[in-house]
Amino acid sequence: MFKKLVFLGTGGTIAGTAAGVNDNVGYTAAQLGVGELLAALPGLQQVLGGLAFFAEQVAQVDSKDMGWPQWRELAVRVQHHLVQPDVASIVITHGTDTLEETAFFLSRVLPQKWLAQKAVVLTCAMRPASSLAPDGPQNVLDAVAVAQSDVARGVLAVCAGAVHSARDVQKVHPYRLDAFDSGDAGPLAYVQEGRVRWLHACPVADIGDQFFPVEALSRDAWPRVEIILSYAGATGDTVRALCAKPVDSAHVVRGIVVAGTGNGTIHQHLNTALREAQAQGVRVLRATRCAYGSVVTGTAAGEFADAQGLSPVKARIALMLELMA
Ligand code: SIN
């Protein structure tokens with residue numbers, strides 16, 4: 001019998017404060033604890049119904065500064081709570097800037113068995129908590145509604161009343177409150193007046209696709225995978241500099257994700273350098289820099305492995321985990 005909902009705080013704008021109530025851009029992220037945010041949230045008890053809640057601060061960062069140490073700690077804490085029989089689901093407050101990366105990372109490392117029964121819901125805000133009209137409180141209430149839904153499964157993201165899957169969600173706007181989008185896939189659901197209107201079932205394929213156990217996440221630096229963009233006038237200089245003899249083993253570049261133009265095409269000069277890198281043993285994955293859709297592969301095997309429909313930032317995570325294995 002589920003008895004509680006767990007909230008894990010990681011920082012972000014949702015926990016940010018500015019000097020004035022009209023300042024929605026000149027604020028400092030990650031100033032308030034998740035406990036403070038919940039204490040100041042009217043209507044939380046009502047939305048929780050009879051459920052108790054437990055809040056834990058796992059990190060306190062502007063999510064642009066998120067890195068593998070915070071990811072590892074977060075995965076450990078989420079897993080700890082997720083496997084408790086009395087925990088219904090988990091809500092994570094997070095910055096918007098790298099929310100899609102953390103969501104995807106968690107979807108790859110948390111135990112499939114539990115993700116198939118419960119939801120891990122990331123939520124956020126585009127305006128700081130000190131704003132005259134902050135969006136964080138409503139986003140948290142919406143996330144709670146999703147976390148309590150009988151059909152919510154896997155790792156999800158909730159922002160501005162829309163529910164997205166970890167695989168498809170991406171931040172597409174630097175300022176609008178409705179800053180997230182799921183591209184061609186579209187959102188999974190909308191939250192309306194506290195009720196979740198599901199459009200699609202939570203994708204089971206996302207749950208534990210290429211499962212990598214939390215326990216196996218390294219405590220040392222994770223394999224270095226860089227992202228390179230192809231563009232008009234691109235050269236191979238950056239790739240060659242990256243692959244030059246490093247100062248120490250932690251700096252060895254093990255993988256490169258190339259965000260190609262259009263259908264994953266790559267400037268010829270950059271292509272030559274990537275070919276050299278691959279010949280040196282660097283893993284190269286080809287994605288597209290287009291916001292919508294993914295690289296459509298033909299019948300011929302490509303020179304570089306395809307990113308399997310993942311955006312460049314998510315392909316990087318998938319490759320890091322693969323290299324860690
Ligand atoms: C952050 O990502 O932590 C800051 C920006 C935001 O949350 O909107």
Side-chain angles (χ1 to χ4, degrees), residues 7-38 40-41 55-75 77-78 90-107 120-144 146-147 155-166 168-183 187 191 227 291 311-314 316-317:
F7 291 88
L8 301 180
T10 68
T13 295
I14 192 166
T17 56
V21 295
N22 291 316
D23 194 349
N24 289 316
V25 290
Y27 59 85
T28 308
Q31 298 301 298
L32 304 174
V34 64
E36 287 174 272
L37 296 180
L38 297 174
L41 186 55
E56 179 180 332
Q57 196 72 38
V58 178
Q60 187 63 307
V61 291
D62 184 322
S63 81
K64 70 179 174 54
D65 298 326
M66 194 59 83
W68 63 262
Q70 291 89 359
W71 275 352
R72 187 181 175 284
E73 180 63 14
L74 182 60
R77 296 313 297 157
V78 175
I90 295 177
V91 173
I92 302 172
T93 54
H94 197 287
T96 59
D97 286 346
T98 58
L99 182 145
E100 71 211 61
E101 295 176 54
T102 300
F104 179 74
F105 162 69
L106 290 174
S107 77
V120 175
V121 185
L122 285 89
T123 195
C124 55
M126 290 296 287
R127 290 181 182 159
S130 55
S131 171
L132 189 60
D135 53 330
Q138 186 63 54
N139 285 343
V140 173
L141 294 178
D142 288 350
V144 170
V146 172
V155 182
L156 305 169
V158 171
C159 184
V163 184
H164 304 274
S165 75
D168 293 309
V169 68
Q170 55 179 327
K171 186 172 180 182
V172 293
H173 204 280
Y175 183 74
R176 264 189 350 225
L177 302 191
D178 191 3
F180 288 87
D181 195 280
S182 284
V191 189
I227 299 172
S311 67
V313 290
K314 292 179 186 176
R316 172 179 172 268
I317 293 166

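Just so it is clear, the structure is predicted and the values come from calculations on it, not from any experiment. One-based numbering, in listed order, for ligands and for the atoms of each. Values below: all heavy atoms of this structure, side chains included; hydrogens, waters and symmetry mates excluded. Here, residue 1 is the first one in the sequence, and each next residue gets the next number.
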Anything with a heavy atom under 4.0 Å from ligand 1 counts, so go ahead and list those protein residues by chain and number.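 Correct list: G12, T13, Y27, D62, S63, G95, T96, D97, A125.
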Any donor-acceptor N or O pair under 3.5 Å, side chains T123, N139: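 No, no side-chain donor-acceptor contact under 3.5 Å.
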Using the test salt bridge (charged side-chain N to carboxylate O under 4.0 Å, His left out), find all partners of E36 that sit at least two apart in sequence or belong to another chain.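 Scan of E36 (salt bridge (charged side-chain N to carboxylate O under 4.0 Å, His left out), adjacent residues dropped) gives none.
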Residues in side chain to side chain contact (heavy atoms under 4.5 Å, CB included) contact with D178, at least two apart in sequence or another chain: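 Partners of D178 by the side chain to side chain contact (heavy atoms under 4.5 Å, CB included) criterion, ordered by chain and then number, come out as A160.
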Kindly write out the residues that satisfy side chain to side chain contact (heavy atoms under 4.5 Å, CB included) with T96, not counting sequence neighbours, or none if the list is empty.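 T96: side chain to side chain contact (heavy atoms under 4.5 Å, CB included) contacts with C124, M126, K171, F180.
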S63 side chain vs H94 backbone, donor-acceptor pair below 3.5 Å: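 No, because the side chain of S63 does not come within donor-acceptor range (under 3.5 Å) of the backbone of H94.
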Exam field: side chain D23 to backbone A18, donor-acceptor pair closer than 3.5 Å: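 No; zero donor-acceptor contacts below 3.5 Å.
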